[in-house]
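Presented below is the structure to which this report refers.
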Amino acid sequence: LSFFVAFIGGVISVLLPCTLAILPAFFAYTFKERTEITKMTLVFFAGFSLIFIVLGIFASAIGQTLTSIQVADTKLLILIAGIFLIIFGIMTILGKGFTFISIGKKTGHDIFGIFSFGILFGLGWSACLGPVLAGILLIASTFHNYFYAGSLLFFYSLGLFVPLFLISILFDKYNLTQKAWLKGKEYQVKMFGKTFFIHTTKIIAGILLIASGLVFIIFNGT
């Protein structure tokens with residue numbers, strides 16, 4: 001279930017408004033020729049997935065450290081993760097997240113350059129993905145196994161890659177990032193004297209995180 005949630009979380013992350021906003025710039029920078037799109041998307045995937053896998057292993061290490069020094073036992077860690085998953089879900093629905101990290105370093109357009117760009121993009125993208133990625137990392141922190149934690153973030157990366165790969169193939173021909181069905185719809189809602197901008201994709205992502213949090217709390221993990 002955790003791997004499935006991670007994969008779907010990755011798919012949804014590509015459709016988040018902040019991601020769609022930067023995709024045109026990404027494609028303009030990454031691809032010099034249409035014939036290189038498939039190859040360079042694979043290279044880019046290798047770059048950003050490496051960052052997420054390392055983050056997953058790091059999260060698992062933190063979880064294991066907390067339990068080993070008896071700061072928290074596994075059940076308490078899972079309960080805390082479940083609560084935060086629900087909080088991150090609510091944040092996502094309400095359009096609250098983290099500020100996008102700007103990485104201005106230039107890289108080349110060859111394979112090594114695009115791989116490096118994937119790594120840098122992954123670092124900057126992490127903040128854009130905000131609560132969704134944080135939720136997946138929380139799940140990884142409850143795994144006392146580096147292979148499982150790394151695999152979880154690989155499935156998340158794969159979820160990012162599949163729609164990104166499809167969009168990259170069809171991007172120029174159909175101008176996909178401007179399609180209404182892909183962009184989703186945003187609604188303005190007033191609650192507690194404040195105005196929130198609620199996006200359809202973020203609602204789906206938020207529900208996924210809240211459901212995962214409830215599963216964690218009710219079933220003591222997945």
Side-chain angles (χ1 to χ4, degrees), residues 1-31 33-53 55-56 88-89 92-93 95 97-98 100-101 114-115 117-137 139-140 150-186 198-212:
L1 180 60
S2 294
F3 293 134
F4 174 76
V5 167
F7 179 81
I8 298 300
V11 172
I12 292 171
S13 294
V14 174
L15 303 179
L16 291 175
C18 71
T19 302
L20 286 177
I22 58 178
L23 281 184
F26 157 67
F27 288 124
Y29 178 82
T30 306
F31 309 123
E33 299 176 15
R34 192 176 302 225
T35 55
E36 294 183 331
I37 287 179
T38 302
K39 180 178 72 175
M40 289 307 182
T41 303
L42 288 168
V43 173
F44 179 76
F45 165 71
F48 75 72
S49 63
L50 176 63
I51 288 297
F52 292 144
I53 289 171
L55 286 174
F88 286 146
T92 301
I93 290 173
F98 310 112
F100 186 77
I101 299 171
I114 298 303
F115 178 77
F117 181 64
I119 292 175
L120 294 172
F121 200 79
L123 290 170
W125 209 2
S126 297
C128 171
L129 301 175
V132 179
L133 176 58
I136 302 300
L137 289 174
I139 296 175
S151 297
L152 183 76
L153 270 295
F154 173 78
F155 273 88
Y156 177 73
S157 301
L158 195 63
L160 286 166
F161 169 72
V162 170
L164 186 65
F165 182 73
L166 294 175
I167 291 171
S168 70
I169 294 175
L170 303 173
F171 178 74
D172 286 332
K173 188 174 182 180
Y174 298 105
N175 197 17
L176 285 185
T177 55
Q178 298 303 315
K179 298 296 183 182
W181 60 268
L182 187 65
K183 292 175 69 176
K185 200 167 184 179
E186 189 172 66
I198 299 178
H199 193 277
T200 50
T201 306
K202 290 188 175 184
I203 291 173
I204 297 171
I207 291 172
L208 177 72
L209 288 174
I210 291 171
S212 300

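Computed from heavy atoms alone, side chains included, the values below leave out hydrogens, waters and symmetry copies. Numbers for residues simply follow the sequence, beginning at 1. Please read these numbers as outputs of a predicted model, since none were measured by experiment.
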query = For Tyr156, which of Ile136, Leu55, Leu137 qualifies under side chain to side chain contact (heavy atoms under 4.5 Å, CB included)?
reply = Ile136
task = Give the minimum heavy-atom separation between Phe52 and Leu160, together with the two atoms involved.
result = CE1-CD1, 3.4 Å
task = Give the minimum heavy-atom separation between Gly56 and Ala140, together with the two atoms involved.
result = O-CB, 3.9 Å
message = Please give me the minimum heavy-atom distance between Ile139 and Ser2, naming the atom from each residue.
response = CG2-OG, 3.8 Å
ask   = How far does OG of Ser157 sit from CZ of Phe7, to the nearest 0.5 angstrom?
value = 11.5 Å
request  = First locate atom CZ of Phe115, then atom CZ of Phe48, and finally report the distance between them rounded to the nearest 0.5 Å.
outcome  = 11.5 Å
task = Could you tell me how the ring of Phe45 sits relative to the ring of Phe161: parallel (under 30°), tilted (30 to 60°) or perpendicular (over 60°)?
result = tilted
note = Heavy-atom closest pair (Ile119 atom, Gly47 atom, distance to 0.1 Å) is CG1-O, 3.5 Å
inquiry  = side chain to side chain contact (heavy atoms under 4.5 Å, CB included) for Leu133 and Leu153? Distances and angles first, verdict last.
reply    = CA-CA 9 Å; Leu133 176 58; Leu153 270 295; 4.1 Å; yes
Gly9 versus Ser13, closest heavy-atom pair with distance = O-OG, 2.7 Å
